[in-house]
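Since the structure comes first, as structure tokens, the remarks are kept for the end.
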Amino acid sequence: MPRKNFAKILIQCFLFIILLEVFLRVVFYQQVGRERLAVLEIARNIKRKIYRPGIDRVYNGFLIARPDSTKETNRLIAEEAANSNYFEYTAWTEYKNIDFSGKYINTNGMVRKTMPDTFINQDTTAIEVIYFLGGSTMYGVNVTDRETIASAFVNAYQQQFPRGVSIKVVNYGIPAYHSYNELMLLSHLVYSGRSPGVVIMLDGLNDFLMPVAAKERLPYYYYRLKLASKDKISFKELAQIADSTETLYTSPAGYTAKALTDSLVKNYLSNLNQVNKLSVSNGFKAFCFIQPNPFYNYPNKKHDPVCDQLEYPLVTSGYALLASRSSSVENCFFLGNMLANEKGFPFIDRFHYSPEMCKRIAAELVGVVGERINKP
């Protein structure tokens, strides 16, 4: 090829890229991206859509935890779980899941869809509205709208209390929330005129898995929100700044392991006590359940091919202390020993529950809450 023609092609390619960059910035690129060039950011997004290794990592766990579903169904659920796993800012409570509409996973506002979400006893007129609060396990990461703890609660309640009071459940679980996030969300709902009849909280893991976040009462995405207050965000600064999600999992400086454990337990139980005070002053019932997890009293963990095989001493020591102290909080129930005799596969990924485990936890919740809301 003559040099003149080659140079002409290079110039034409360069001009094309410039025009494409301008076009993307004007038409599509209205938000801050990680890349300086809109062309590179769009390329990153396309690559992310085509190649998402996270889907493949959890897929094998899906096949084990959901053996009655076809491979294609599990693949579709995995894709929806990945596509819906994004968050956005929301006032008062910092962040929430994006709105998402799919065949298996649906979120709108701060609510994850529940199927079924009601049980109606035709012999009763009142309907007890029950809010479910928690982190990713309550939200139902990697399970469908029909497989969440909230959905399993409705089914179990109908079986155990076929003549009980009618109920409607609302799943306010949001991934990475810890107990203080839930307290803030509940306060916002109550003081904006959306008070429930009953609140069920299921949490505990994030309050010890993310010690900095729990101790300092920080939301998971707070560092991004702080940077967003600037006129211009530097993603180089974002990558280097110590104020990041990674630091939330580290131990605060100046604490011995015992002192940090004790401090986190006190914080956690204090949050639960504040929920109880809120319930008393606003006329609803509150029940707090401390969730099971693979890092505490799970002897069969080493034989579990799905769950996280790492050890988190702070979770272990925190739960050991909660086992004896949680009874000091009214209507607080310790479920941390549910895996003590487990021989099956209770997890669908590192620490989120399988559909079957969601059913078991829901049965525990119904056994406590159902009895109390149906007392004469």
Could you walk me through whether Tyr191 and Asn282 pass the side chain to side chain contact (heavy atoms under 4.5 Å, CB included) check? CA-CA 9 Å; Tyr191 294 126; Asn282 290 277; 3.9 Å; yes
Going by side chain to side chain contact (heavy atoms under 4.5 Å, CB included), Thr148 matches just one of Val143, Val169, Val141. Which one? Val143
Minimum heavy-atom separation for Ala152 and Lys359, please, with both atom names. CB-CA, 3.9 Å
If I compare all heavy atoms of Ile105 with all of Asp145, which pair ends up nearest, and what's the gap? CA-OD1, 3.5 Å
After noting the C-alpha distance and the side-chain angles of Ser151 and Thr114, does the key distance pass the side-chain hydrogen bond (donor to acceptor under 3.5 Å, both in side chains) rule? CA-CA 5 Å; Ser151 297; Thr114 302; 4.6 Å; no
Set out, in order, the CA-CA distance, both residues' side-chain angles and the distance that settles salt bridge (charged side-chain N to carboxylate O under 4.0 Å, His left out) for Lys266 and Asp262, then state yes or no. CA-CA 6 Å; Lys266 286 181 179 178; Asp262 188 65; 3.3 Å; yes
Candidate pair Arg66 and Glu356, rule salt bridge (charged side-chain N to carboxylate O under 4.0 Å, His left out), full reasoning: CA-CA 8 Å; Arg66 200 183 283 113; Glu356 190 59 36; over 6 Å; no
Judged by modelled atom types alone, do Tyr180 and Gln274 share a side-chain donor-acceptor pair under 3.5 Å? no
Check Glu330 with Lys277, please: is the shortest side-chain N to carboxylate O separation under 4.0 Å? no
Residues in ring-ring contact (aromatic ring centres under 6.0 Å, His included) with Phe100, at least two apart? none
Is Arg350 paired with Asp308 through a side-chain N to carboxylate O contact shorter than 4.0 Å? yes
Apply ring-ring contact (aromatic ring centres under 6.0 Å, His included) to Phe87 and list each qualifying residue two or more places apart in sequence or on a separate chain. Tyr95, Tyr221
Measure from the ring center of Phe208 to the ring center of Tyr312 and say whether it is less than 6.0 Å. no
Would Lys168 and Glu128 count as a salt bridge (charged side-chain N to carboxylate O under 4.0 Å, His left out) if you check the C-alpha gap in whole Å, the side-chain angles of each, and the deciding distance to 0.1 Å? CA-CA 6 Å; Lys168 176 176 176 58; Glu128 199 77 88; over 6 Å; no
More than 12 heavy atoms from other groups under 6.0 Å of NZ on Lys113: no
Answer yes or no: does atom CZ of Arg146 have more than 12 heavy-atom neighbours from other residues, nucleotides or ligands under 6.0 Å? no
What class does the angle between the rings of Tyr296 and Tyr319 fall in, given that below 30° is parallel, 30 to 60° is tilted and above 60° is perpendicular? tilted
